[in-house]
Amino acid sequence: MIVSVNEKPIEVDETTTVAGLLASMGYPDRGIAVAVNQAVLPRSDWATPLSDGARLEVVTAVQGG
């Protein structure tokens, strides 16, 4: 199935979870926020399997001044 991450289409297995996708793409365990279909997804729900056509936005925290 196809999902999009920051508007980039990605092909994933139908059992792929949010956490699994993020790990496979090299995102860190901390310092990121995820929205699925325009709703912020708490870290406690990252074990949720993705559905075909899901749209993820991943935002990385940046330190600076």
Side-chain angles (χ1 to χ4, degrees):
M1 66 183 179
I2 303 291
V3 300
S4 74
V5 178
N6 296 343
E7 299 185 23
K8 178 182 174 188
I10 307 278
E11 186 170 349
V12 298
D13 184 277
E14 53 201 35
T15 61
T16 301
T17 63
V18 173
L21 176 61
L22 295 173
S24 72
M25 295 182 72
Y27 283 101
D29 291 337
R30 298 191 181 273
I32 61 173
V34 179
V36 178
N37 299 328
Q38 300 181 339
V40 174
L41 190 67
R43 185 177 298 275
S44 60
D45 291 338
W46 285 11
T48 303
L50 293 167
S51 58
D52 190 34
R55 296 177 50 129
L56 286 79
E57 294 293 327
V58 181
V59 179
T60 305
V62 177
Q63 206 172 10

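The shown structure was predicted, so the numbers you read here are calculated from the model rather than taken from an experiment.
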Item to check | Set of side-chain contact (heavy atoms from CB on, under 4.5 Å) partners for Ala19, sequence neighbours left out | outcome: Thr17, Trp46
Next on the checklist: Thr60: which residues meet the side-chain contact (heavy atoms from CB on, under 4.5 Å) condition with it, sequence neighbours left out?
Outcome noted: Tyr27, Ile32
Item to check | CD on Glu11 to CD1 on Ile2, rounded to 0.5 Å | outcome: 4.5 Å
Checklist outcome for this item: On a heavy-atom basis, the closest approach of Val3 and Ser51 is CG1-O, 3.6 Å
Item to check | Closest non-hydrogen atom pair, Met1 against Asp52 | outcome: CB-OD1, 3.2 Å
Next on the checklist: Quick check: do Val34 and Glu57 have side-chain heavy atoms less than 4.5 Å from each other?
Outcome noted: no
Next on the checklist: Any heavy-atom pair between the side chains of Val58 and Met25 that's under 4.5 Å?
Outcome noted: no
Next on the checklist: Between Leu50 and Leu56, is the side-chain contact (heavy atoms from CB on, under 4.5 Å) condition met? List the steps.
Outcome noted: CA-CA 10 Å; Leu50 293 167; Leu56 286 79; 3.8 Å; yes
Item to check | Enclosure of Arg43 CZ (heavy-atom neighbours >12, cutoff 6.0 Å) | outcome: yes
Checklist entry - More than 12 non-hydrogen atoms from neighbouring residues, nucleotides or ligands closer than 6.0 Å to CG on Asp13, yes or no? => result yes
